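Presented below is the structure to which this report refers.
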Amino acid sequence: MLHSLAVSLPPSLPPRLPARCQPCGSHVALSSPTTPSSSSSPSSPSLPPHRQQEHRQEPAAAAAAASRGASLAWRGQQNAHGYPGQPDTKEAVSAKDVSRKEPISGVIALKASMKYFDADFFNDSKLREMEDGAKEFNIPAFRDNRKLVALENGGLQNPSALLFKSSWSDESKISEKKSFQYPHTSSVHRPSKDEDIAFMSIIELGELIRTKQVTSHELTGVFLRRLKRYGPIIESVITITDDLAYKQAKEADDLLEQGKYLGPLHGIPYGLKDIIAVPEYKTTWGSRTFENQILDVEASVYKRLKSTGAVLVAKLVTGSLAYDDIWFGGRTRNPWNIEEFSTGSSAGPAASTSAGSETAGSITYPAARCGVTALRPTFGTVARTGVMSISESLDAGDPSSREVAIEDPFHVDITQLTVGYLDSAEMEVVNVLSAEGVKLVPFKLNYTVESVQSILNITMDVDMLAHFDNWQREQHDDDYEAQDQWPVELRRARLIPAVDYIQAQRARGKLIREVRESFTVDAFIGNVTDWELVCLGNLVGMPVAVVPAGLKSIQNPPKGGTRRRTTVTTGIYAPPDHDHIALALAMAYQSVTDHHKQRPPIDDLGPGDDIQQ
């Protein structure tokens, strides 16, 4: 099976912030009630139309405002002393002068709204000064910037210059392609049943293709038939790419006939989360707003997979705008228990076992729920050009075309590793790895930052709003599939001041330093769906391998019994740039267990289970 590479939380999980504040009816009124809509946006920092109208109607007030505005006019030109950016006034306005200004009605709405910014300490005169400055400088600049970078939704263009570096090393990681020394597979024979072929590992399928026991065309047919059969049941598929799949399969078979074998992905079918752009096919982002969107972009992930000879068979479900498992066509279900949902925005890839992405739990939650092996890589390892962006510093990928090769996990001597385990670790995993020669020790991450979850929320929500600013302004949030998700969070994000966004990043830096100092083991084992750990892992940029560790009975099973199950999983966490350590430990565990080989009972729920499929 293909392993998932996978912000989103199911409604049953804890809220992201202790409370959701709602904007006041006046919005954040930085202008007077006469301010026109953004359709009349000025193109330069000159007086906007409503200010020009004020000048025409109230000359005396305009003159007074111009006098007051002198103290605000930081225009960037040189003054008499030759210093750029100094006030172009000869006399500074004192605080005493400011305090004498009379409050006017336009200040009332601003004053009321400032409490939502935790900044309700300004007097009326200062608020009037702030309103004037916002009208004359801030708002024109905001509009200019939106025109430059925010008219297209999705964050595919113009990434932020505030780049996050997850590496704990002072040395730059060299972007180079490395080949893994894959284990030799001998005596692999083609099963007689397609069902058995579908559950073989990639290494095994690759050997079947290399030895010409099966063609890529045949293998592609096997998986396309399964997608068409089970996709509607678990609601995991958005677009099946039949024509492209058979075209790429033929190319793979032709290369092999010419004696050219590209590696273990040669001719292997796979699916992509539908936030990843593929030319000539819809990239819907799971949203009814973008249901018919076709992007003339070839995502880096798709380009790299195509270069290995892999075959794209489907665009798989993402929760709407990469949030949870609800999309414009329904809600994706868990193959192990089709009465429950798969959770997380990589819902389709996890339910179908393919390639997804993560910003905050979108790999870990659905992989754990659906019982599949997955890797959330070190931040920046996988390029995400052509992928819908939530947050440049959280999305498990790099906004540029840069990719960093990870070390070979097949050549790690696990007996030389010291691995910690948290109180939340699955002890069966601990015991198995200990028996395999790994040194296991009790472990706890120590850090003093108590706002881990809110740091992630502030970062993610503000970044997401920047990428979908125009979407919100055009009120497409009213059409969103789950009104208690992005619509609420992105409205709240409007009330986060720039200064507090930066303070959150400073707190994040402190967290990273403390985690780095506390990370005294080679890796640690812990609960992979603990929300605090999910937030921490993404803020720090550390990799985690999601590992199936067993099955247990579902809650409230039918009286006649059922084969439906609840999956048991754990996470193996490693420091940034040490993905190979997490993978090596996961492979060591799976080499002596078979939890990852179990098959969901989607065709046979048991004679006593009358649930309708």
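In this text the structure is predicted, and so the values were computed from the model without any measurement. All residue numbers in this chain count up from 1 along the given sequence.
With hydrogens and angles left out, the side-chain atoms of Glu481 and Ser320 include a donor and acceptor closer than 3.5 Å. Tyr323 and Glu489 share a donor-acceptor pair across their side chains, judged by distance under 3.5 Å alone. For the residue pair His189 / Glu204, no side-chain donor-acceptor distance below 3.5 Å is found, with atom types taken as modelled. Looking at Tyr230 and Asp603, their side chains do bring a donor and an acceptor atom within 3.5 Å of each other.
A salt bridge links Arg190 to Glu218: at least one charged side-chain nitrogen sits closer than 4.0 Å to a carboxylate oxygen. Taking a cutoff of 4.0 Å between a charged side-chain nitrogen and a carboxylate oxygen, Asp579 and Arg376 do not qualify as a salt bridge. Taking the charged nitrogens against the carboxylate oxygens, Lys228 and Asp242 do have a contact shorter than 4.0 Å, which makes a salt bridge. With salt bridges taken as basic N to acidic carboxylate O contacts below 4.0 Å, none links Lys247 and Asp243. With respect to Asp604 and Arg564, no salt bridge is recorded, no charged nitrogen being found less than 4.0 Å from a carboxylate O.
In terms of the side-chain contact (heavy atoms from CB on, under 4.5 Å) criterion, residue partners of Pro487 (sequence neighbours excluded) are, by chain and number, Asp477, Tyr480, Gln483, Arg491. For the side-chain hydrogen bond (donor to acceptor under 3.5 Å, both in side chains) test, no residue two or more places apart in sequence or in another chain qualifies with Thr566. The side-chain hydrogen bond (donor to acceptor under 3.5 Å, both in side chains) check on Asn431 picks up nothing, with sequence neighbours excluded. Residues passing the side-chain hydrogen bond (donor to acceptor under 3.5 Å, both in side chains) test with Thr284, sequence neighbours excluded: Asp274. Applying the salt bridge (Lys or Arg N to Asp or Glu O under 4.0 Å) rule to Glu340 yields the partners Arg369; only residues at least two apart in sequence or on another chain are considered. For Arg288, the side-chain hydrogen bond (donor to acceptor under 3.5 Å, both in side chains) test picks out no residue, with sequence neighbours left out. Shown here are the salt bridge (Lys or Arg N to Asp or Glu O under 4.0 Å) partners of Glu291, two or more places apart in sequence or in another chain: there are none. Evaluation of the salt bridge (Lys or Arg N to Asp or Glu O under 4.0 Å) rule for Glu195 yields Arg226 as partners, not counting sequence neighbours. For Lys303, the salt bridge (Lys or Arg N to Asp or Glu O under 4.0 Å) test picks out no residue, with sequence neighbours left out. For Tyr281, there are no ring pair (Phe, Tyr, Trp, His ring centres under 6.0 Å) partners at least two apart in sequence or on another chain.
Taking the six-membered ring for Trp and the full ring otherwise, the centers of Trp285 and Phe328 sit at least 6.0 Å from each other.
Here the options are Ile572, Ile406, Val412, Asp408, the test is side-chain contact (heavy atoms from CB on, under 4.5 Å), and the partner is Leu583; only Ile406 passes.
At a threshold of 4.5 Å between non-hydrogen side-chain atoms, the residues Asn527 and Thr570 do not count as touching. Put simply, the side chain of Ile414 reaches to within 4.5 Å of the side chain of Glu436, judged on heavy atoms. Between Lys282 and Lys315, every side-chain heavy-atom pair lies at or beyond the 4.5 Å cut-off. At least one side-chain heavy atom of Ile276 sits under 4.5 Å from a side-chain heavy atom of Val387. Within the 4.5 Å cutoff, the side chain of Val546 has no heavy atoms near those of the Val372 side chain. Between Ile554 and Trp336 the shortest side-chain heavy-atom distance does not fall below 4.5 Å. Side-chain contact between Tyr365 and Ser342 is absent, with no heavy atoms from C-beta onward closer than 4.5 Å. Considering only heavy atoms from C-beta on, Asp463 comes within 4.5 Å of Thr459 through its side chain.
A distance of 8.0 Å separates OG1 of Thr332 from CD1 of Ile238, quoted to the nearest 0.5 Å. Distance check, rounded to the nearest 0.5 Å: CD1 of Ile525 to OG of Ser424 gives 10.0 Å. Rounded to the nearest 0.5 Å, atoms CG (Leu321) and CD1 (Ile275) are 10.0 Å apart.
Among pairs with a residue in residues 529-553, none fulfils salt bridge (Lys or Arg N to Asp or Glu O under 4.0 Å), at least two apart in sequence or across chains. Residues in residues 542-590 take part in these ring-ring contact (aromatic ring centres under 6.0 Å, His included) pairs, two or more places apart or across chains: Phe524-Tyr573, His578-His580.
Checking side-chain atoms of Tyr246 against main-chain N and O of His217 turns up no donor-acceptor pair under 3.5 Å. Formation of a donor-acceptor pair under 3.5 Å by the Gln213 side chain with backbone atoms of Val188 is found in this model. Using modelled atom types, one side-chain atom of Asp253 and one backbone atom of Ser216 make a donor-acceptor pair closer than 3.5 Å. Side-chain atoms of Thr241 come within 3.5 Å of backbone N or O of Val313 as a donor-acceptor pair. The backbone N or O of Ser389 lies less than 3.5 Å from a partner atom in the side chain of His467, making a donor-acceptor pair. Here the side chain of Asn337 pairs a donor or acceptor atom with the backbone of Glu339 at under 3.5 angstrom.
Within a 6.0 Å radius of CG in Asp413, other residues, nucleotides and ligands contribute more than 12 heavy atoms. For NZ of Lys559, the number of neighbouring non-hydrogen atoms (other residues, nucleotides, ligands) closer than 6.0 Å is 12 at most.
The minimum heavy-atom distance between Val317 and Val237, with the atom names listed, is CG2-N, 3.7 Å.
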